[in-house]
Number of protein chains: 2
Amino acid sequence: MRFGFFDDLHLEYVITRPDTPLPWINYLGTESYFGIISNTAGGYSFYKDARLRRLIRFRYNNAPLDGNGRYVYLRDDDAAQPDFWSPTWQPTRTPLDAYTCRHGLGYTRIASQRKGITCETTYFVPLGQDLEVWDVHLTNQRGTAANLSLFSAVEFCLWDAFDDANNFQRNYSIGEVEVVDGVIYHKSEYRERRDHFAYFACSEPLAGYDTQREDFLGPYRGWDAPAAVEEGKARQSLALGWQPMGSHHVRLHLEPGESKRVIFVLGYHENPENDKFDPAGTQTINKKTVLPVIRRFLQPDVVSQALADIQQYWRNLLQGMQVDTPNEHANRMINIWNVYQLMVTFNFSRSSSYFESGVGRGMGFRDSAQDLLGFVQLDAQRARQRILDLAATQMASGGAYHQYQPLTKRGNHDVGSNFNDDPLWLVLAVTAYLKESGDWSILQEQVPFDLEHGSEDSLLAHMERSLNYTQERLGPHGLPLIGRADWNDCLNLNCFSDKPGQSFQTTTNREGKVAESVFIGGLFVLAAAEMEAVYDRLGLTAKAAELAAQRVNMRAVLNTAGWDGSWFRRAYDHFGNPLGSQECTEGQIFVEPQGMCVMAGVGLEDGRAESALNAVREHLGTPHGVVVLWPAFKQYYLHIGEISSYPPGYKENGSVFCHTNPWIQIAEARLGRGERALDYYLRINPSAREEISEVHRCEPYAYAQMIAGKEAVKPGEAKNSWLTGTAAWSYVAVTQWILGIRPTFDGLKIAPVVPEDWTAFDVQRTFRGVRYFIHVERVGAGNAVRLEVEGAPVEGDVVGIPSGGQTEVRVRAYLGTA
Amino acid sequence: MRFGFFDDLHLEYVITRPDTPLPWINYLGTESYFGIISNTAGGYSFYKDARLRRLIRFRYNNAPLDGNGRYVYLRDDDAAQPDFWSPTWQPTRTPLDAYTCRHGLGYTRIASQRKGITCETTYFVPLGQDLEVWDVHLTNQRGTAANLSLFSAVEFCLWDAFDDANNFQRNYSIGEVEVVDGVIYHKSEYRERRDHFAYFACSEPLAGYDTQREDFLGPYRGWDAPAAVEEGKARQSLALGWQPMGSHHVRLHLEPGESKRVIFVLGYHENPENDKFDPAGTQTINKKTVLPVIRRFLQPDVVSQALADIQQYWRNLLQGMQVDTPNEHANRMINIWNVYQLMVTFNFSRSSSYFESGVGRGMGFRDSAQDLLGFVQLDAQRARQRILDLAATQMASGGAYHQYQPLTKRGNHDVGSNFNDDPLWLVLAVTAYLKESGDWSILQEQVPFDLEHGSEDSLLAHMERSLNYTQERLGPHGLPLIGRADWNDCLNLNCFSDKPGQSFQTTTNREGKVAESVFIGGLFVLAAAEMEAVYDRLGLTAKAAELAAQRVNMRAVLNTAGWDGSWFRRAYDHFGNPLGSQECTEGQIFVEPQGMCVMAGVGLEDGRAESALNAVREHLGTPHGVVVLWPAFKQYYLHIGEISSYPPGYKENGSVFCHTNPWIQIAEARLGRGERALDYYLRINPSAREEISEVHRCEPYAYAQMIAGKEAVKPGEAKNSWLTGTAAWSYVAVTQWILGIRPTFDGLKIAPVVPEDWTAFDVQRTFRGVRYFIHVERVGAGNAVRLEVEGAPVEGDVVGIPSGGQTEVRVRAYLGTA
């Protein structure tokens, strides 16, 4: 069952009924002012930090769901009895005669009709601005004139979202606003240490306004039936304390067929610390610099152009790679939605979604490093800066802070370090950047450790320490010690947490000299191979050879202690017992080491890889994707930790933890099995799951972190959509390993591993400033490739960078052996 | 305007309409299971800790207000169209034909009638139990039979209230329940580290049940219109993940005039860590020990008796002191509500109310020490333990952790120490305990510093260090250094916080060797005098003399550097400039030093006290009480801190900060001005303010922390009711200083300072196990007292402790000079 459809031409998903299984959200903003918005206009906005600079109050997990947002009410002033509704359905949830929500890239447009009045509102954040626009178009489709009242409504968060939801003995006394010339200024705490305020403006003359929630709603009433709207009469309330909000009341007369446009602007503004007030010495906001911005974005032409600009911005970004394959779901995700999600994960890391409250987590070291694997293709400059920011939180030991704060860019001491895979991801992020950009200068950038002045060393040295960090922490079998956890934050083999409320990760009770990770072993082999290639290219052959020896060593260990007979083991616990082994009754096989080892090339030559992947298919494969482990843990194990805290089939305990699925896709591609790789790809592809939206429940245009596994009560139900490493890894898997268009240090490799029944596909890709037009056609079975560049045959499968200013390259690839 | 009335006979406040200006709450529980409940059944419960063991989900500051709680729905199953309502008004808010809410001591009873169906529900926590009972009585007042559906509904909090409101990527996957024999068990995280679960049981056979919120409510619906209730049909939903809840569905047939009683029990239960499951090895809750409890409290007779027991418990407690004075508001608060609030503040400190979310704060050192000043009279044993707990968080320096955690009893490192008044309050708490109990053994209790094993010393030594702490920290004028703040947490003279999000208190940027507090000076004089009396009684005359010298010294400083000419100054800031001086343009006069210095006896003999109190009356007196300072700060001052962060007239910046008002009442009593003392007492007495409930807005039966001051936008509006030191101090002021019935080391002092027109009053008080019947009658003007004990005249104004097993003492006091 669907709740809408893809409009690929307009780069939109169109939702055709408001009561989606869960609120289906979109993201607004590109640089510093961001927001989440649901298909019924719920959500909130913030400046840079979802906790510390939140503009709109949002109560997560409320009933009704998703009951705060960017609301507009319409009221029929001609009706005998009070008749009002929400043209975005929420919060009145009045039945509408027509409804669509178009989630586009960087904007959302919600259109509806009721009793002959159509209303279409477009929400977006203009490029380069710290504000959002609500562009409302009203049309009277009746045969008679209509007198309408239009009310806007937004509830202000008192900036710090944590404090806002907890410290009422203070908060109920500090709310402050100004209303001047119809502009509502929210200035709570501006009187003291804040240099910023919010404003909410309207393009039309006002019949009235409200800024105090209780006055607008009436006592004990909700957003579904504000008294001011019911009566058609704003209260002119001026908030001091309690719950400041903003509402404009506009009266409109519409002749039959007549349309009117009303623009609302909600924004964030900072004043110089020493020029906050005007006149100086008062407590009145200095509006000198904000008023020009407000005036500008209340102009219809400016708004129309700003929306066109954001659409163009996204069309430009998408142009980086466009494909035309036999599979529409692959096309749609590669060409539009997966790229969009790459940007969202880059901007938001794991902070703010319908499932991430924006209060708890900063930027993850491992998370952001992996997000870069896909993002490097979108914006190499921003990727470069992110790499340097990440590296600067690395410690002198080579270890990494597990998280850092986006505002200060400082490592988070509460969470600390000792997630022993973390440093290796930096190596992969840097080499992905090198391959994409060819910018080798980054390796010589001087970067401090733990932001400590004077500790600077080259980024190359940071990468070396990352690899050394693993080598200096090998366990009894010669495998890397796992520390607090490896990629799977919930596999806690040294923590032994036995009290509720303890962090599963940071309650470390064991020395950590025994528990080992096969997964980190595979990751080390992968990262070492990448690093060796870097050394080779830098002429550092001795270093390359030393690292190669370590890598070969690790491979040998993976093939012995890491091998269970039919698949790779997952780890050894504190007592030296294996996890992910036929010896176990639960957790016999885990997906991560199969994916990572085969991606690293381990077992490709001796049948182990094939055996491992066949075991994955047999034990972990489900129609909804590959589950993370099997059988799920049926009880909590002190020595295994959080993974066993989840009910079987959920989260790390046996769900389809989507992030890992692309690893299996890549591994299958490395084995040359195109059917299987694509099959796995499509099982979790959101577009391919659109038909079962009533089961999947999350958005069909964004990857989710997890889909309930085969041992769950409701298999196939997705959760935690949007902010997941699945976005980057899926993009890498399908574009670089299935379609096989893969950046290398020397050029663009063309090595598709696609199903036999794919007769042809086309790819356009910009790579190092050059546009590649690639046509792949199958000439026979198998994955052998023969290339023609500009009509001339070339050796091998890599298309080099053209010299001499050539900006376009045409490539034909003949796939298979005729 | 009133919203109800006092029913003193039944020890209840009766609310007669549901839409009170704010939710008016009551507290349930006496020992470990506690709850807050509003007049429409909103609120939540917890076991010991409002953050870590919360049973019911509650979203603070929601719209509509107060929309989670302990709900019952009724549905008329005979109606042609769905007809359902909430007999407690919330959450359907259906108009009721009759409504009353009786908030009693430890219970709340909400009764209503609609369309001939009456429903009366009594909520309470039985003594000694970790559960709450909802005792529902239904009666059909119609002339025809009625078929009804009764639904219960409670939404489970996943225990940690902070996590519950933030960590959805985890929480939406961990909810788990069992439903066995009609009992709903909430066991989220029980599978791992929790040894506790909640249960929700019903006395009647069920037509159905629900445990998943979305199934019960229906998609996108709120608690105001659950689909299951609308349709009269429970879904039998079994929650796994998302939002677990509990609802029972009971079908009832009531003949005309027939009544039925349905009992619900919601409780908390712990199992032994090694016997959590039954059968062992499963994940099924072991119910062996909980089932007998559940069965017991589903029996009507048991429930009736348990309610009678809690009523008797409170009647016994109130018997400790009963007065009959010419003022009904004084009588009512002294005899009932102020005592009740003493218990609430003792149990909850500042953690959980309609304004305190239960997430942030532990037990305050200063807060709890002051709460004891009143509480010692209620339960000396519990007071004794609290004193020892507090002292154990004192540091070796004599300084105190500003807060400690109620579960671990450990000092809170995040907030730390250096609130330089803190240690002195311990001295006052101990001497109040000594006077009330006569239990001098407490002084020899061995108590550690900072809970450190081996650091134990006597409580007496702790008190000495408290006083030394002040003496070792004197500033340029010889006044005590203020540290981070003194009693006024918002007067931050060393902090200079300039960034939003910083703690005003703990962002300390100055060495703190200059800023001084006149208030602490006064507090030192008061505490030193108390301590000298202790030394004297212990025969430690040298110590007494040494301390007396310090005290005399401090008095001298207060009379010079502490004196502004007409009143006491408040402090000196980091630059050596005075606060609370005529030299200032804002904050010319503060209430705290006037109250504290005069309470300490400073200025009584030379007219300074009278001058200071006259200045209070002139500059700080308002019809709503005495404001904390004047003129309020109109802007934020970096060197003054949080106090200037509030809008003028609110909170510490010029509100009636009620806590300080009893100090002025006591000070006026010390001056012998009974009219003024009583006048101030009545200005903030909640009962006396009942008539202006539409202005006051908070409960008329509980003190609030603040009432908006004369410079506020809405003077007279109260906030932050219930959890305030006002409870203890008001009780002390009116009972010990106005009525003048004051425990001393040697006996009960009778020293009334009441208005001239009070011709007589009676007091019954239990003191050291003896019942005193005290009749005071005025025989002339002034406050001189002549005593007769058992008909015989005695010297002085102290009634000694009778010897020889006498349990009752009759006292007549003749007041004034004839």
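- Residues passing the side-chain contact (heavy atoms from CB on, under 4.5 Å) test with Thr94(A), sequence neighbours excluded: Trp85(A), Thr92(A), Arg114(A).
- Taking a cutoff of 4.0 Å between a charged side-chain nitrogen and a carboxylate oxygen, Arg697(B) and Glu717(B) qualify as a salt bridge.
- Ring pair Trp24(B)/Phe3(B) is perpendicular by interplanar angle, where above 60° counts as perpendicular and below 30° as parallel.
- In this structure, no portion of Asp195(B) lies under 4.5 Å from any heavy atom of chain A.
- Residue Arg53(B) touches chain A through its side chain alone, counting heavy-atom pairs closer than 4.5 Å.
- With a 4.5 angstrom heavy-atom cutoff, Lys634(B) touches chain A only via backbone atoms.
- Ring pair Phe197(B)/Tyr190(B): centre-to-centre distance below 6.0 Å.
- Looking at Asn720(B), its side chain does come within 3.5 Å of a backbone N or O of Gln169(A) through a donor-acceptor pair.
- For Ser353(B), no part sits under 4.5 Å from any heavy atom of chain A, backbone or side chain.
- Of all the listed residues (Gly67(A), Ser655(A), Pro64(A)), the one sharing the greatest number of non-hydrogen pairs under 4.5 Å with chain B is Pro64(A).
- Both the backbone and the side chain of Pro23(B) come within less than 4.5 Å of a heavy atom of chain A.
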Item to check | side chain to side chain contact (heavy atoms under 4.5 Å, CB included) between Ile640(A) and Asn492(A), worked out | outcome: CA-CA 5 Å; Ile640(A) 297 179; Asn492(A) 314 119; over 6 Å; no

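- With a 4.5 Å cut-off on non-hydrogen atoms, Lys719(A) touches chain B through its side chain but not through its backbone.
- A salt bridge links Arg17(B) and Asp19(B); the closest N-O separation between the charged side-chain nitrogens and carboxylate oxygens is under 4.0 Å.
- Between chain A and the options Leu65(B), Ile174(B), Asn62(B), heavy-atom pairs under 4.5 Å are most frequent for Asn62(B).
- Heavy-atom pairs under 4.5 Å with chain A peak, among Ala712(B), Gly501(B), Ser497(B), at Ser497(B).
- Heavy-atom pairs under 4.5 Å with chain A peak, among Val713(B), Leu52(B), Asp498(B), at Asp498(B).
- The candidate with the highest count of non-hydrogen atom pairs below 4.5 Å against chain A, out of Glu155(B), Glu189(B), Gln243(B), is Gln243(B).
- Judged as a salt bridge (Lys or Arg N to Asp or Glu O under 4.0 Å), and not counting sequence neighbours, the contacts of Asp164(A) are Arg57(A), Arg59(A).
- The residue among Glu192(B), Glu642(B), Arg191(B), Lys499(B) with the most heavy atom pairs within less than 4.5 Å of chain A is Arg191(B).
- By the side-chain hydrogen bond (donor to acceptor under 3.5 Å, both in side chains) test, Tyr637(B) is found to be paired with Glu586(B), residues two or more places apart in sequence or in another chain being considered.
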Item to check | Pair Ser173(B)-Lys651(A), side chain to side chain contact (heavy atoms under 4.5 Å, CB included): steps then yes or no | outcome: CA-CA 7 Å; Ser173(B) 287; Lys651(A) 291 281 290 175; 3.6 Å; yes

Checklist entry - For Glu694(B) and Thr20(B), what are the C-alpha separation, side-chain angles and deciding distance, and is it a side chain to side chain contact (heavy atoms under 4.5 Å, CB included)? => result CA-CA 9 Å; Glu694(B) 81 286 5; Thr20(B) 42; over 6 Å; no

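- In this structure, chain A has no heavy atom under 4.5 Å from any part of Leu238(B).
- Contacts of Gln90(B) with chain A are made by side-chain atoms alone, with heavy-atom separations under 4.5 Å and no backbone atom involved.
- Proximity to chain B involves both the backbone and the side chain of Arg194(A), based on heavy atoms less than 4.5 angstrom apart.
- Looking only at heavy-atom pairs under 4.5 Å with chain B, the residue among Phe162(A), Tyr650(A), Phe168(A) that has the most is Phe168(A).
- Aromatic ring centroids of Phe633(B) and Tyr646(B) lie 6.0 Å or more apart.
- With a 6.0 Å cutoff to the six-membered ring centre and a 45° limit on the axis angle, Arg193(A) counts as a cation-pi contact of Phe504(B).
- Here the SG-CD distance, from Cys495(B) to Gln505(B), works out to 7.0 Å after rounding to the nearest 0.5 Å.
- The residue among Arg93(A), Gln283(A), Met706(A), Arg213(A) with the most heavy atom pairs within less than 4.5 Å of chain B is Arg213(A).
- Relative ring orientation between His196(B) and Trp159(B) is described as perpendicular, the plane-to-plane angle rising above 60° on a 0-90° scale split at 30° and 60°.
- Ring geometry, Tyr172(A) versus Trp242(A): the interplanar angle falls from 30° to 60°, so the pair is classed tilted.
- With a 4.5 angstrom heavy-atom cutoff, Arg170(B) touches chain A via backbone and side-chain atoms both.
- Counting heavy-atom pairs closer than 4.5 Å to chain A, the top residue among Asp224(B), Asn653(B), Leu22(B) is Leu22(B).
- Scanning residues 214-223 of chain B against chain A with a 4.5 Å non-hydrogen threshold yields Glu214(B), Leu217(B), Tyr220(B), Arg221(B), Gly222(B), Trp223(B), sorted by number.
- Thr724(B) does not touch chain A: none of its heavy atoms, backbone or side chain, sits under 4.5 Å away.
- Of the two parts of Gln635(B), the backbone and the side chain both hold a non-hydrogen atom closer than 4.5 Å to a non-hydrogen atom of chain A.
- For chain A, no part of Asp160(B) is nearby; none of its heavy atoms comes within less than 4.5 Å.
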Next on the checklist: Would Asp66(B) and Phe58(B) count as a side chain to side chain contact (heavy atoms under 4.5 Å, CB included) here? Give the steps.
Outcome noted: CA-CA 8 Å; Asp66(B) 190 28; Phe58(B) 189 81; 3.5 Å; yes

